[in-house]
Amino acid sequence: MSEYFNLLFSPLHGGTILLYTLIFIVASILGNKVQYVTRNGQHIFSMKFFICLFLFLCAFYVFNDVGIDTDHYRTYYLEFVTPQDVADHYGAVEKLYQYLNIVLHVITYNEYIGVGIIRFIQLAILFVALYKLRNRINIGLAIMAYMAFFYYDSFNLLRSSLAGSICLLGMAFLYEKKIFITLALALLAYGIHHSAIFFVVTLLLYIICYHTPIRKFKKVVPVVAVFALFVVLNIGANIINQLLAADFANGRYDYVESHGSVMGIFILLKYSIPFLILHLINKSKENNYFLDSAWDIDFIWTIVGFALALLAYQIGMLTRAAIYFSSSFIFLLPNYIYTKEAISRTNVTKFIFVLYFMFMYITTIGNLYNISELGPFKFI
């Protein structure tokens with residue numbers, strides 16, 4: 001948290017941090033206006049405010065000129081113009097992302113506009129996912145969660161953010177039990193950024209646990225998952241080091257170093273609320289959460305995301321996988337409020353969630369700002 005206030009009172013970066021904080025606040029207010037609950041408990045969705053929210057976030061995302069990797073994406077756009085360029089340029093950029101750049105050259109050859117279009121697509125996919133779940137989640141809290149954890153990170157990590165948005169759309173289909181669509185989207189995301197393999201593996205884990213004969217032991221799955229969590233934390237870094245030693249990804253991640261096991265207090269705090277909500281939903285006698293199947297989905301994604309987040313204290317590279325497990329914050333918590341606010345007063349719970357996301361925003365932007373070179377903010 002101290003990093004945030006140091007930046008806020010910095011002569012060079014204070015204006016940018018203040019701007020980012022205002023964007024966070026305004027987006028949260030607009031998100032809150034997207035939905036409201038009538039006196040008889042009916043949820044009303046406002047498409048007008050939903051579009052205004054999308055355009056507001058686009059204005060600062062699509063047209064900004066910050067992020068340490070942004071120039072690389074513009075260079076990629078200049079490099080991949082025809083299919084022959086894919087054959088001529090071997091590198092760390094996934095093939096599907098290369099072809100996306102080629103397709104966009106039908107629209108423009110300008111690298112600034114091209115990257116802006118990709119950013120627009122990434123944010124639009126997220127909003128499609130939110131729209132699909134508009135009758136199941138509180139949009140205001142979902143936006144707060146996205147802003148707190150991932151919006152500013154996407155200024156820099158374009159490919160993984162694009163893959164993450166595709167996976168979030170896949171989650172929206174998974175809640176509707178459309179597993180094959182989710183799997184197809186997961187593979188598409190993997191083609192954009194290979195870190196989406198974590199989402200693919202988690203999806204397969206969910207299918208094995210709840211859509212095979214193993215589902216007869218579904219009450220045992222949480223116990224096994226917790227046990228597996230500690231196994232992963234103890235041997236996970238060693239496995240990753242072995243992959244690196246074996247020239248995993250043709251040396252692409254040779255710069256990664258594993259550090260001693262560290263229990264991140266911030267991660268424990270970050271995941272305490274999702275785990276608490278999962279517990280409250282599970283013990284509730286009126287549990288009809290997404291027709292019950294969503295609890296299974298969110299438990300798997302929360303426990304795996306928690307394990308990877310803790311491992312990221314040893315292998316920093318794993319922080320890029322956080323977006324694939326963001327449904328625990330963007331969908332799970334907003335759904336809890338949505339299902340409760342029509343039948344009971346949720347002002348206290350909503351206030352706690354707002355404070356929680358504000359704290360997470362302050363902590364996240366403070367840690368990201370210098371590493372990702374998110375400022376000083378400027379438009380293209």
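Quick note: numbers below take in every heavy atom, side chains included, and nothing from hydrogens, waters or symmetry partners. Note that the structure is a prediction, hence the values are computed from the model and not measured.
Following chains of ILVMFWY side-chain contacts shorter than 4.5 Å, one cannot reach Val115 starting from Val81, and the two form parts of different hydrophobic clusters. Note: the hydrophobic cluster containing Ile51 does not contain Tyr36 (ILVMFWY, side chain heavy atoms under 4.5 Å, direct or indirect links). Under a hydrophobic-cluster definition in which Ile, Leu, Val, Met, Phe, Trp and Tyr are linked whenever side-chain heavy atoms come within less than 4.5 Å, directly or via other members, Leu355 and Ile25 are assigned to different clusters. Under the 4.5 Å side-chain heavy-atom criterion for Ile, Leu, Val, Met, Phe, Trp and Tyr, Phe359 and Phe351 are members of distinct hydrophobic clusters. The hydrophobic cluster containing Tyr97 does not contain Ile68, counting ILVMFWY residues as joined when their side-chain heavy atoms lie under 4.5 angstrom apart, directly or transitively.
Side-chain contact of Gln35 with Tyr338: a donor-acceptor pair under 3.5 Å is absent, judged by distance alone.
The environment of CZ in Phe180 is sparse: at most 12 heavy-atom neighbours from other residues, nucleotides or ligands sit within 6.0 Å. Counting heavy atoms of neighbouring residues, nucleotides and ligands inside a 6.0 Å radius, atom CZ of Phe120 does not exceed 12 of them.
Taking Glu111 as the reference, nothing meets the salt bridge (Lys or Arg N to Asp or Glu O under 4.0 Å) condition, with sequence neighbours excluded. Residues satisfying the ring-ring contact (aromatic ring centres under 6.0 Å, His included) criterion with Phe63, sequence neighbours excluded, are absent altogether. For Tyr206, the ring-ring contact (aromatic ring centres under 6.0 Å, His included) criterion is met by Tyr210, His211, not counting sequence neighbours. Under the side-chain contact (heavy atoms from CB on, under 4.5 Å) criterion, Lys132 pairs with Leu169, Ala172, Phe173, Glu176, sequence neighbours left out. Qualifying ring-ring contact (aromatic ring centres under 6.0 Å, His included) partners for Phe199, counting only residues two or more places apart in sequence or in other chains: Trp301.
Between Phe60 and Phe56, the ring centre distance stays below 6.0 Å. In this structure, Tyr152 has its ring center at least 6.0 angstrom away from the ring center of Phe24. In this structure, Phe331 has its ring center no closer than 6.0 Å to that of Tyr146. The distance between the ring centers of Tyr151 and Phe149 does not fall below 6.0 angstrom. For Tyr324 and Phe198, the ring centers sit 6.0 Å or farther from each other.
With values rounded to the nearest 0.5 angstrom, Ile352 atom CD1 is found 9.0 Å from Leu276 atom CG. Rounding to the nearest 0.5 Å gives a distance of 13.5 Å between CG of Leu141 and CZ of Phe329. The distance from the CZ atom of Arg119 to the OG1 atom of Thr70 is 4.5 Å, given to the nearest 0.5 Å. Rounding to the nearest 0.5 Å gives a distance of 5.0 Å between CD of Glu341 and NZ of Lys350.
Remark: Arg134 is positioned above the aromatic ring of Tyr131, its terminal NZ or CZ atom under 6.0 angstrom from the ring centre and at most 45 degrees off the axis.
At least one side-chain heavy atom of Lys33 sits under 4.5 Å from a side-chain heavy atom of Ile29. At a threshold of 4.5 Å between non-hydrogen side-chain atoms, the residues Asp298 and Ile281 do not count as touching. Thr16 has its side chain out of reach of Leu374: every pair of non-hydrogen atoms, C-beta onward, lies at least 4.5 Å apart. In this structure, the side chains of Ile139 and Leu130 come closer than 4.5 Å at one or more pairs of heavy atoms. Residues Arg159 and Tyr73 are in side-chain contact: their nearest non-hydrogen atoms beyond the backbone lie under 4.5 Å apart. Side-chain contact check for Cys167 versus Ile323: every heavy-atom pair is 4.5 Å or farther apart. Here the side chains of Leu203 and Leu174 are in contact, with some heavy-atom distance below 4.5 Å.
Listed for the Tyr112 side chain is no donor-acceptor partner under 3.5 Å among the backbone atoms of Asp65.
When all heavy atoms of Asn110 and Ile113 are compared, the pair lying nearest together is OD1-N, 3.0 Å.
The aromatic rings of His105 and Tyr77 lie parallel to each other, with less than 30° between the two planes, well short of the 60° mark.
Screening residues 365-380 for side chain to side chain donor-acceptor pair (under 3.5 Å), with sequence neighbours left out, gives His13-Tyr369.
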